[in-house]
Visitor: 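Got a structure here, written out as structure tokens. Questions coming.
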Amino acid sequence: MNKPMIDRRAFLATAGAFTLSFAVPDARAQQTGAPAAPWTAYLTIGADGRVALLSPTTEMGQGTHTAHAAIIADEIGVPLAAVSVDTALPSDPFRRGGAMGSGGSAGVRAWWGALRKVGANARASLTAAAAERAGVPAAEVTIEDGLFLRGGKPLAVTLGEAAGIAAARPVVEGEPKDPKTYRHVGKATPRVDVPAKVRGEPVFSQDFTRPGMVYACAVPSPVYGGDADSWDDAATLAVKGVERVVKIPNGAAVVAATQWAAMKGAAALKVRWKSTAIDGLSSDAISAAMHMGLDRDAEAIVGKAEGDVAAALAGAARTFSADYEVPYLCHAPMEPWSVTVEPTADGGLEIWGPFQTQDRNRNTAAKTAGIVPEKVILHTLMLGGGYGRRLGDDGTPGAVVVAMAVKKPVKFFWRREEEIGQGWYRPAQVARLKAAIDKDGKVVGLHVRTAGPSMRDSFSPGGLPKGELDGSSVQTLTDTRYRPGAYRVDWVRVDQAVPMAPWRAVGATQNGYFMEAFVDELARELKKDPVALRRELLAQDPRALKVIDEAAKAGDWGKPLPKGHARGFAYVESYGSLCAQVVEASLEGGEVKIHKVACALDCARVVTPDGARNQVEGGVIQGLSSGLFEGIEIAGGRAMNTNFDGYRIMRMHEAPHAVTTVFIENGETIGGVGEPPLPPATPALVNALYALTGKPIRKLPISAALAG
Amino acid sequence: MTTITLNGKSVTVTSEPDTPLLWVLREEFGLKGAKYGCGIAQCGACTVHVGGQAVRSCAIPIGDLDGQAVTTIESFDGGHRVQKAWIEAQVPQCGFCQPGQIMSAAALLSENKAPSDADIDAAMAGNLCRCGTYPRIRAAIKAAAKA
């Protein structure tokens, strides 16, 4: 849940509470040269001894808030249960680059150092206050389990009393503890949100209500970017509970007393849609346009150029080339989109939703309503799955329009068909990889060209001027640790009117597949073991070699296999972490069976090992699912597979029974955990099937490639 | 009028007979543990028990359930062996699908004291989890079977 944090002075003035503000630098501003605005959070120790952290991070089930609580509990010396973590309402201190939001697997890695330091300062300040009250030297006072101790004996001072004294004194600088002494960090720390979740108690956006609230079922144009021309609502209005039909920016919404009545009314609405420029758009046409893009040398925007790859290819003893393709992917969170909007007495709006980009939604709501953002109060609700889906604001305009029309609280929602059919997909993309090989069978040059739409421009319309590089289109290719000799990466922009957004691990998903599937094909061409070839390409990088070796060991690489089984290997670095995986698979009656998955993840440090393990398992399964089954099929300018009968995602009987996970901890900068385990899973499976059948899989999903 | 036994108590339903059980539970009785995920019995987020069997409540009209016993996650007090196993295995991530997963698992274990992997596959294939918690669900079911 979230709490207001509008005025820091008012916050600091809370009676008897000790508050410390702290910040992390804005890494993105450092990259872009924009003015650096620190990303701030507040730690408060109340008169009741409760420790509360208020920060801009959003908990989406990835365990960020548990990790934050563990760091604070360890540094101060209080029980984990005494620490609460809340997401702030959007306000200046919590903004980064002008906006509050979560993403980039930054929840723990960006905050690790700052949380340790503020916890240390809190501990030093509280022990000084307790020492003052007890009349003993501060250096002799410690905190354990929330109690002040001196010589092993408790002092007659509570944490809350000390907080009251510390609030009136300057902050005492503390030194963070040796992480080896931590009791929660790095240990089996249970997630704070789990017990309520197994009781079915959390209030997700879908469950949230306001007094007098009505429901509005969206009926947006199924063609991307389309709109309603007119409608016949006679059958809709005849549904018991339906109140009216309201025009929204891209279609209509059926307003009713209950969610079911709104859905029933929406099913009965007969809408005539305006014709659009993409009424004939199909997956085949999109695919053909992207493949044509691969040949347009003059339009290629360079992402990386080391050495003269053209000369390397021209002078090579031989070359090896392959083209690859991936489809659009839907995030498919289990909870379809909904937003609750309530007009306020002062002409403003109060909004509750499953937000990950709080300011983007607040600004969109204000713009839609024609009011200033300050008149919009936005609350973040528990969200049923993120993976990038909650970065958007696509559901907010319709919700605001309906609330303003009906002048009462309204929950505006999408059915599953809109959740999948309205887009905001991982982009479709193609790639051509061409390697130069010398007479000794050594790789001496590599040219990677990708072609496809700009996700960045679609997600932030006008966000990418023509001629500029969309970094996500070449993500993980431009900064790979592979050293293939002369190396060039470029991208040809082939835009489509299909909405796109970041999808868990973003460009690392498609580009990781392109590179890793190619490396295995290249290994076969060179008659080398796929792991051995990767070791050759990474020979100069001990850190990467360690990840390769740990994964190979955990995945039994090179060991005998049951008949009909094969193993595949892949290595992708993203979001500050290096990840390699081995997948063991077979084909049974034409269906892929995944037997074992082993993963080595070098994220430099693990804060909550079991939570991180859960993220690895989930990332691997989402990567296997998308590689095996997923792809939006487009015809007539719209998605044709808009529910789980057509958009297939991995089920229990198709998932690995376990994922063997090895974490590599070292002195390097802490890396992300939420996204990096996903990208290697698809190519590791592709490579296992290639090893099994000898036929490369150059177009995803795998199920379609095998069937075709 | 439809009368059902809801979590052990006899109740009279006033919703229209064609209203799916899911919406009767959520909107007439305020029981929101069962979720809307797909509306076509494909994802299992709405799973509850009817007569002890796991069913997809989004696709069953309430009018077909006269006299039936309906059980939801709210009738479990958190101390159900499946819930305990779920906490022990730290199963949930986002948590949205988990009430449905737990209801499917509880129905399986009430009929099968020691389910094999194949039994678990068959009983749980109708419950999707986009966070990918399947390995933990499998482990938790096996642990609950031994509890």
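A note on names: the letters A, B, ... follow the listed sequences, proteins ahead of strands, and every chain is numbered from 1. In this text the structure is predicted, and so the values were computed from the model without any measurement.
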Visitor: Does any non-hydrogen side-chain atom of A:I621 lie less than 4.5 Å from one of B:P135?
Guide: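 The answer is yes; the side chains approach within 4.5 Å.
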Visitor: With only heavy atoms counted, which part of A:E419 is less than 4.5 Å from chain B, the side chain, the backbone, both or neither?
Guide: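 Neither part.
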Visitor: Measuring heavy-atom distances to chain A, does B:D77 have an atom under 4.5 Å in its side chain, in its backbone, in both, or in neither?
Guide: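 The answer is the backbone of B:D77.
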Visitor: Can a salt bridge be assigned to the pair B:E27 and A:K411 using a cut-off of 4.0 Å between side-chain N and carboxylate O?
Guide: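 So B:E27 does not pair with A:K411 through a salt bridge.
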Visitor: Does any heavy atom of chain B fall under 4.5 Å from the side chain of A:A658, the backbone, both, or neither of them?
Guide: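 Backbone only.
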Visitor: Contact between A:Q206 and B:F96 at the side-chain level, heavy atoms closer than 4.5 Å - yes or no?
Guide: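 Yes, at least one pair of side-chain atoms sits under 4.5 Å.
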Visitor: Can you tell which of B:T72, B:D117, B:T133 has the highest number of heavy-atom pairs within less than 4.5 Å of chain A?
Guide: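 Greatest number of close heavy-atom pairs with chain A: B:D117.
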Visitor: Under a 4.0 Å threshold between the charged nitrogen and the carboxylate oxygen, would B:D18 count as salt-bridged to A:K240?
Guide: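 Between B:D18 and A:K240 there is no salt bridge, as every charged N stays at least 4.0 Å from the carboxylate O atoms.
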Visitor: Over 60° means perpendicular and under 30° means parallel, so classify the ring planes of B:W23 and A:W260, tilted if in between.
Guide: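 A:W260 vs B:W23 ring planes: parallel.
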Visitor: What part of B:L128 is in contact with chain A, defined as an atom under 4.5 angstrom from a non-hydrogen atom: side chain, backbone, both or neither?
Guide: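 For B:L128, the contact with chain A is made by backbone and side chain together.
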Visitor: Does either side chain, that of B:Q90 or that of A:N614, offer a donor lying less than 3.5 Å from an acceptor on the other one?
Guide: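 The answer is no; no qualifying pair exists.
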Visitor: Do side-chain atoms of A:R199 reach the backbone of B:I73 as a donor and acceptor pair under 3.5 angstrom?
Guide: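 A pair under 3.5 Å: no.
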Visitor: Measure distances from B:V24 to the heavy atoms of chain A and classify the residue's part below 4.5 Å as side chain, backbone, both or neither.
Guide: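 Neither; nothing under 4.5 Å.
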Visitor: With a 3.5 Å distance limit and no angle check, can you tell me whether A:K197 reaches the backbone of B:P92 through a side-chain donor-acceptor pair?
Guide: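 No, because the side chain of A:K197 does not come within donor-acceptor range (under 3.5 Å) of the backbone of B:P92.
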Visitor: Would you say B:R136 and A:R613 make side-chain contact, with heavy atoms under 4.5 Å?
Guide: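 In short, these two side chains touch, coming nearer than 4.5 Å.
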Visitor: Between B:Q83 and chain A, which part of the residue has a heavy atom less than 4.5 Å away: side chain, backbone, both or neither?
Guide: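 For B:Q83, heavy atoms of backbone and side chain both lie under 4.5 Å from chain A.
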Visitor: Is there a donor-acceptor pair closer than 3.5 Å between any side-chain N or O of B:Y134 and the backbone N or O of A:M650?
Guide: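 A pair under 3.5 Å: yes.
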Visitor: Using heavy-atom distances under 4.5 Å, tell me whether A:P656 contacts chain B through its side chain, its backbone, both, or neither.
Guide: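 For A:P656, the backbone is the part near chain B, not the side chain.
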Visitor: Answer with side chain, backbone, both or neither: which region of B:E16 has an atom nearer than 4.5 Å to a non-hydrogen atom of chain A?
Guide: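 Just the side chain, heavy atoms under 4.5 Å.
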Visitor: Measure the shortest side-chain to side-chain distance between B:C43 and A:M334 over non-hydrogen atoms and say whether it is less than 4.5 angstrom.
Guide: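 Sidechains of A:M334 and B:C43: in contact.
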Visitor: What I'd like to find out is whether the side chain of B:K35 reaches to under 4.5 Å of the side chain of A:E335, using heavy atoms alone.
Guide: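 The answer is no; the side chains never approach within 4.5 Å.
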